Number of protein chains: 2
Amino acid sequence: MKDVAQHAGVSTATVSRVLNGHAAPTPETRERVLAAIEELGYRPNALARSLRTTSTQTLGLVISDLLNPFFAEIARAVEDEARSHGYCVVIGNADESAEQEATYVRTLLDRRVDGLLLCPATDDPELVREVSAGGVPLVLLDRTVRGATCPVVRADGSEALTALARRLVGAGHSRIGVIAGPPNTSTGRERSDVLVGALGGLAQVVHGDFRQESGSQAAAKLIDGGATALVAMDNLMGLGALGEIKTRGLRIPHDIALAVFDDQPWFPLLDPPITVIAQPTVEMGRAAARSLLALINGQQPDDVRLTAKLVLRGSLGEAEL
Amino acid sequence: MKDVAQHAGVSTATVSRVLNGHAAPTPETRERVLAAIEELGYRPNALARSLRTTSTQTLGLVISDLLNPFFAEIARAVEDEARSHGYCVVIGNADESAEQEATYVRTLLDRRVDGLLLCPATDDPELVREVSAGGVPLVLLDRTVRGATCPVVRADGSEALTALARRLVGAGHSRIGVIAGPPNTSTGRERSDVLVGALGGLAQVVHGDFRQESGSQAAAKLIDGGATALVAMDNLMGLGALGEIKTRGLRIPHDIALAVFDDQPWFPLLDPPITVIAQPTVEMGRAAARSLLALINGQQPDDVRLTAKLVLRGSLGEAEL
DNA sequence: GATAGGTGTGTAATCGATTAACTACGCCCT
DNA sequence: AGGGCGTAGTTAATCGATTACACACCTATC
């Protein structure tokens, strides 16, 4: 910057003003400075700028698993929305591990992100408290924690799950296997609670960990237990369940019915296409980013609750007619 | 930091020394400083540190599309490897747009990332030159550019493509539709060049853009053109082709054979399972990260060429027997 | 007991920007 | 002519760390 100033025959202050579009510099000076910048190929150092202004124009996003297309899509939406407001997003991958999540959150805070979006790995409020104590704007996404004190953006699947339960019961299924998420995550608990409640005693629950492998194992256990219908509470566990069903040579929906929470582009391609509860992922990501930006700007955004929708495709069999 | 120093009754220099594990401070001082840090909940400002040391411990990764599971997996691997070496990764999503890619690259350079991994959207070497001119370590991943002067990490599918061509020809297919990537990307060009060459005149090529929609359109065109076999050069276009095949009610492999470049966890679940050319994505990501770290440490890593493998699963029909 | 050498800390410059406070230079008005 | 005022630009403090250099103190040696 000093070089640019020298080159243009002005002080660094003037260069800075030109850079930041301040009113002061005369058009002529401005021209000279811009020419110098161009000539020297100067690019301002964002670190120095941030240090001085205490604003990094960066959001942190800590998600549970980048490999999960659900989160990838969310990340994409967050990034889109943030960019359209001039913000960058730094993504941290927690790998469903609370420790790694904490490490990442601290790293991002150390780098002074302007705000943080978190999909908490567990419902332990400790980390959230730590961030809030640091005074950094925080929004929870997809999952919440016990006694959360910050805005939360999530999808509400109650209605869809209830409708799904009604269909399954109506079709005469009496042993319905629920492949639930980990009980220490809000989504893991709530989704299965709602479904189990609506199934009124017909449900058998096995908890997985939102990963493919656990989906296969849970499916195996439930099929062995005599289930005639399976509901996987997340797309990766759904993938695992499908694998197990295929391995055993069972036919959907003839031998076993299946529904999955989370839609994926390839679900309609299966034979039969898979019935799902589709979450408005893109909207969730955008809404979360918007809430966070509002928070950063000193507003008090409300919680956002979007509704997930039941999409019938055929994998429940007659139940769908 | 000043507060911590005051609290411990030492100077900021000593605090800094404790923080950075310098030999100097006596165990007793060290204790006092650590206690003060603990008590005040002090966390060092990474921006200030980076400004002073000109090292951010951060790698930039600019990929074409986070929604593409291939790139998501790569991102994951890069992140893993980087983290294990104490580096963070900032991911930029270029959305297959050269402009957005350039914007992101510049933003990352402004933030002084220690090195950059790039999956270039086009094979135009201009951006690469710009980065190199800035003296920032750069490694290209998956794709290369014309006359690249930096290390490149990619998968070589020639062998697998040739084997695939042999099988298709051997099975008597005489009109083979190739759904290629954009001709201005190295992977888009090279993959189809190899395959078309190996098919010796039996190929019909339609270029897509590595997105689902273009896969459907290309498939439609090729099927209308009388193709009895399709090869999609990337998983998203493969997904599109599958959709088109399903829409038309065609049966694989009876009515049409299909193979896809890039494996996906759900390909084995289809009926029949899809034959693919599988790339070692995780290894690519890790290798790229390692090359970049080597470059940062002043070494001169070689290009890395991993081999993609043909995985026969049944979607080619008799050709596979 | 003076000197050399080693050790633990402090002082202050520095990284590259932003910005408050100040200066210098017209220009207008009485 | 002189005072007031607006404007363009400069000087220097600042953000929060790192680190070269200086300094004080202690110990070992002759």
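Predicted, not measured: the structure shown is a model, and the values here were computed from it. Naming convention: chains lettered A, B, ... in sequence-line order (proteins, then strands); numbering from 1 in each chain.
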Please work out which residues in residues 13-21 of chain A have a non-hydrogen atom less than 4.0 Å from an atom of DNA chain C and list them by number.
A:A13, A:S16, A:R17, A:N20
Can you give me the bend angle of the helix from C:dG1-D:dC30 to C:dT30-D:dA1? Use the axis through the first five pairs and the one through the last five, nearest 10 degrees.
60°
Considering residues at least two apart in sequence or located in another chain, which fulfil the side-chain hydrogen bond (donor to acceptor under 3.5 Å, both in side chains) criterion with B:T56?
B:D114
Between which nucleotides of DNA chain D, 5' to 3', does chain A make heavy-atom contacts below 4.0 Å?
D:dA8 to D:dG16
Evaluate whether atom CD of B:E28 has more than 12 neighbouring non-hydrogen atoms of other residues, nucleotides or ligands under 6.0 angstrom away.
no
N/O to N/O distances under 3.5 Å, protein versus nucleotides 23-25 of chain C:
none

Which residues pass the side-chain hydrogen bond (donor to acceptor under 3.5 Å, both in side chains) test with A:S55, sequence neighbours left out?
A:Q57
Quick note, side-chain hydrogen bond (donor to acceptor under 3.5 Å, both in side chains) partners involving residues 67-80 of chain B, not counting sequence neighbours, are A:D95-B:R76, A:Y104-B:E79, B:N68-B:D234, B:N68-B:N235, B:E73-B:T281, B:E79-B:R83, B:D80-B:R83
Base, sugar-phosphate alone, or nothing: which one does A:T53 contact when heavy atoms must sit under 4.0 Å apart?
sugar-phosphate
Taking side-chain hydrogen bond (donor to acceptor under 3.5 Å, both in side chains) as the test, write out the residues that go with B:T58, two or more places apart.
A:R111
Could you pick out which residue, B:T54 or B:V10, lies toward the 5' side of DNA chain C when each is mapped onto its nearest nucleotide?
B:V10
Hey, what do you get for CD1 (A:I74) to CG (A:L66), rounding to the nearest 0.5 Å?
11.5 Å
Any pair with a residue in residues 51-62 of chain A that passes salt bridge (charged side-chain N to carboxylate O under 4.0 Å, His left out), sequence neighbours left out, goes on the list, sorted by first then second residue, please.
none
Sequence neighbours excluded, which residues qualify as side-chain hydrogen bond (donor to acceptor under 3.5 Å, both in side chains) partners of A:S16?
A:N20
By the 4.0 Å heavy-atom rule, please label A:T29 as base, sugar-phosphate, or nothing.
sugar-phosphate
Closest approach of B:G188 to B:T185 (non-hydrogen atoms, all atoms of both residues)
N-OG1, 3.0 Å
Here's a test of your reading of the structure: between B:R30 and A:H22, which maps to the more 5' nucleotide of DNA chain C?
B:R30
Between C:dT18, C:dT11, C:dA13, spot the one nearest the side chain of B:S11, thanks.
C:dT11
Output the distance between atom CG (A:L117) and atom CG (A:L140), rounded to the nearest 0.5 Å.
9.0 Å
Are side-chain heavy atoms of B:T107 and A:C88 found at a separation under 4.5 Å?
yes
Please list all pairs passing the salt bridge (charged side-chain N to carboxylate O under 4.0 Å, His left out) test where one or both residues lie in residues 116-143 of chain B, with sequence neighbours left out.
B:E96-B:R143, B:R106-B:E130, B:D123-B:R146, B:D123-B:R189, B:E126-B:R129, B:D142-B:R191
Just grab all the salt bridge (charged side-chain N to carboxylate O under 4.0 Å, His left out) pairs involving residues 30-49 of chain A, residues at least two apart or on different chains.
A:R43-B:D110
